[in-house]
Number of protein chains: 2
Amino acid sequence: MTLSRALPNPQSSMTSATQTAYTAIQRMIVTGLFPPGQKLKIETLKDRLQVGASPIREALSLLTSDQLVERIDQRGFRSAPVSLENFDEILRLRCALEDMALRQAIARSCPEWEEALVLAHHRLTRADAADDTVFEALHKAFHMALLDNSASPILLRYCSQLYDLNVRYRYLAGRSLNYGRRDVGREHREILEAAVAGDANAASARLLAHYQKTGAFLRDSGLVPVTPDE
Amino acid sequence: MTLSRALPNPQSSMTSATQTAYTAIQRMIVTGLFPPGQKLKIETLKDRLQVGASPIREALSLLTSDQLVERIDQRGFRSAPVSLENFDEILRLRCALEDMALRQAIARSCPEWEEALVLAHHRLTRADAADDTVFEALHKAFHMALLDNSASPILLRYCSQLYDLNVRYRYLAGRSLNYGRRDVGREHREILEAAVAGDANAASARLLAHYQKTGAFLRDSGLVPVTPDE
DNA sequence: CACCTAATAAAAAACGATTTTATTGTTATG
DNA sequence: CATAACAATAAAATCGTTTTTTATTAGGTG
């Protein structure tokens with residue numbers, strides 16, 4: 001047990017500064033703390049996150065690939081713009097790709113996967129809806145668990161990216177409307193049941209309906225509000 | 001006309017070092033110069049490409065998102081591994097996504113697109129098959145032109161990524177077999193004709209057959225040969 | 001003789017400083 | 001008075017160096 005260095009870096013052990021920056025900035029953009037089009041100055045982020053310029057830059061590069069950040073030639077980075085077209089494309093792609101992944105997952109169904117699925121769903125139902133951060137994490141965990149068995153890493157990566165892009169629109173539309181009239185819990189349960197039962201058509205239909213319902217919700221209630229330049 | 005600075009940096013004006021590094025490394029991996037699993041040392045690349053460590057690092061981060069580079073925790077970067085499963089997934093996804101994009105493109109068909117398509121095809125037929133670099137560029141240009149009209153930037157990005165991943169396997173299998181028995185030129189022409197005619201079913205069927213034929217070719221002739229550790 | 005441990009070497013990651021590029025505000029000029 | 005050139009400022013991009021981590025090798029011990 002080496003007892004060298006007392007407390008050199010702020011972020012806990014075994015986490016790179018790049019990882020820290022990536023996670024932090026990703027969250028700030030997804031949750032709308034950095035609104036669309038917002039200039040992301042290196043120095044500001046540097047001070048805010050207490051890391052050097054290199055990790056910030058690297059994190060921003062990665063987020064560019066995730067479509068959450070836009071890089072402009074020699075003019076730095078900014079939070080990616082939003083638009084109705086973009087929202088629609090994300091919804092369309094998500095439906096197509098998750099349909100694919102879910103069917104593959106069900107086709108390869110096995111006890112381990114079913115158990116993981118049930119577990120993820122249980123945790124979601126137990127989640128405290130008030131605690132935003134953990135609820136969102138568990139919600140994503142459940143949806144990704146549905147697809148995990150597809151054995152298609154690239155496809156899963158795309159689904160994960162699109163999921164996050166969609167969550168961003170949810171935040172932009174305001175946190176309120178999600179927990180309104182709809183019985184989202186029931187929708188999740190019915191998707192789970194179809195998936196575990198091995199009924200690919202039903203599971204896929206329910207999943208897509210789930211997404212499209214949310215999509216319609218967002219479209220109605222003032223999407224793409226203010227788009228400040230700075 | 002400012003006549004300050006004689007010749008400070010190697011890369012021509014108006015091109016960032018990051019861009020230079022990204023393009024160079026991407027080519028080296030796709031063409032197989034860096035075999036799968038190859039360690040990509042920052043310092044080596046730094047010396048080779050004549051740029052600092054930061055741009056290299058940034059380029060490698062971007063290539064990680066493109067699935068061409070693998071980042072290992074605190075152990076640096078390496079050229080992404082290859083496998084039969086990976087190859088099959090790329091082929092499957094490519095077929096699904098390009099089918100989608102092509103149908104969208106044809107549904108939105110317009111004279112400008114048709115003209116751009118004919119042009120891209122013409123250039124491909126005129127290309128010197130001996131000059132690898134330009135031929136590959138024109139080949140990709142034609143295939144992307146087919147999809148360009150889909151008005152789905154995210155989908156196009158995915159298709160472009162998957163295209164490059166597939167080209168990598170072509171190079172790994174050896175440049176020889178591509179120009180063997182098959183009449184690839186005819187296949188391209190027939191895809192073009194169906195697309196311009198607005199026949200989505202025929203165009204898609206021909207495009208997918210084109211890809212699957214290439215896929216079978218590669219699968220047969222010794223895919224995934226040596227995978228050196230360094 | 002094999003295995004564990006400590007010292008050394010190598011590489012990755014991060015930082016701070018420097019250079020280059022864009023932007024803004026000001027002044028001169030048509 | 002408007003426009004264009006210039007200067008000053010701010011930020012991005014890049015570089016060289018330092019720090020931290022991992023890999024390697026030599027030495028000691030059961």
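Letters go in sequence order (proteins before strands), and every chain restarts at 1.
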Which donor-acceptor pairs under 3.5 Å do side chains of residues 96-103 of chain B form with protein atoms, sequence neighbours excluded?
unit_1, atom_1, unit_2, atom_2, d
Glu98(B), OE1, Tyr211(B), OH, 2.7
Glu98(B), OE2, Arg94(B), NH1, 3.4
Glu98(B), OE2, Tyr211(B), OH, 3.2
Asp99(B), OD1, Arg103(B), NE, 3.0
Asp99(B), OD1, Ser204(B), OG, 2.3
Arg103(B), NH1, Asn201(B), OD1, 2.9
Arg103(B), NH2, Asn201(B), OD1, 3.3

Quiz item: Do the ring planes of His188(A) and His143(A) sit parallel (below 30°), tilted (30 to 60°) or perpendicular (above 60°)?
Solution: perpendicular

If you restrict it to nitrogen or oxygen atoms, what contacts under 3.5 Å exist between nucleotides 6-8 of chain D and the protein, and what is each distance?
none

Quiz item: Taking the inter-plane angle between the rings of Phe135(A) and His139(A) on a 0 to 90° scale, is it parallel (under 30°), tilted (30 to 60°) or perpendicular (over 60°)?
Solution: parallel

Quiz prompt | Length of the line joining Tyr22(B):OH and dA13(D):C1', which is rounded to integer Å | solution = 19 Å

Self-check item: Atom pair distance, as rounded to whole Å: CG in Leu40(B) and P in dA11(C)
Solution: 13 Å

Quiz item: Side-chain N or O of Thr18(A) less than 4.0 angstrom from OP1 or OP2 on dA14(C)?
Solution: yes

Quiz prompt | Spacing between Gln19(A) atom CD and dA12(C) atom C1', to the nearest angstrom | solution = 15 Å

Self-check item: Rounded distance (Å) that lies between atom P of dA14(C) and atom CG of Leu49(A)
Solution: 13 Å

Practice problem: Not counting sequence neighbours, which residues clear salt bridge (charged side-chain N to carboxylate O under 4.0 Å, His left out) with Arg123(A)? List them please. | Solution: none

Practice problem: List the atom of Arg78(B), the atom of Gly37(B), and the distance in Å for their closest heavy-atom pair. | Solution: NH1-O, 3.3 Å

Exercise. Return yes when atom CD of Gln212(B) has more than 12 non-hydrogen atoms of other residues, nucleotides or ligands closer than 6.0 Å, and no otherwise.
Key: yes

Exercise. Go through Thr125(B) and Phe142(B) one step at a time and tell me if the side chain to side chain contact (heavy atoms under 4.5 Å, CB included) criterion holds.
Key: CA-CA 10 Å; Thr125(B) 62; Phe142(B) 171 66; over 6 Å; no

Exercise. Taking side-chain hydrogen bond (donor to acceptor under 3.5 Å, both in side chains) as the test, write out the residues that go with Glu114(B), two or more places apart.
Key: Ser109(B)

Quiz item: Is the count of non-hydrogen atoms from other residues, nucleotides or ligands lying under 6.0 Å from Arg27(A) atom CZ greater than 12?
Solution: no

Close N/O contacts between protein and nucleotides 9-11 of chain D (under 3.5 Å):
unit_1, atom_1, unit_2, atom_2, d
dA11(D), OP1, Lys41(A), NZ, 3.0

Exercise. Return the residues of residues 52-60 of chain A meeting this criterion: a heavy atom under 4.0 Å from some atom of DNA chain C. Order them by number, or give none.
Key: Gly52(A), Ser54(A), Pro55(A)

Practice problem: Calculate the interatomic distance between Lys46(A) atom NZ and dG16(C) atom P; express it in whole Å. | Solution: 6 Å

Quiz prompt | Value in whole Å for how far the C1' atom of dA14(C) lies from CD of Gln74(B) | solution = 10 Å

Exercise. For Gln50(B) and dG16(D), give me the distance from atom CD to atom C1', rounded to whole Å.
Key: 15 Å

Exercise. Using a strict cut-off of less than 4.0 Å between a Lys/Arg side-chain nitrogen and an Asp/Glu carboxylate oxygen, indicate whether Asp66(A) and Arg157(A) qualify as a salt bridge.
Key: yes

Quiz item: What's the CZ-P distance between Arg71(B) and dT21(D), to the nearest Å?
Solution: 16 Å

Practice problem: Could you tell me whether the side chains of Ser79(B) and Arg168(B) share a donor-acceptor contact shorter than 3.5 Å? | Solution: yes

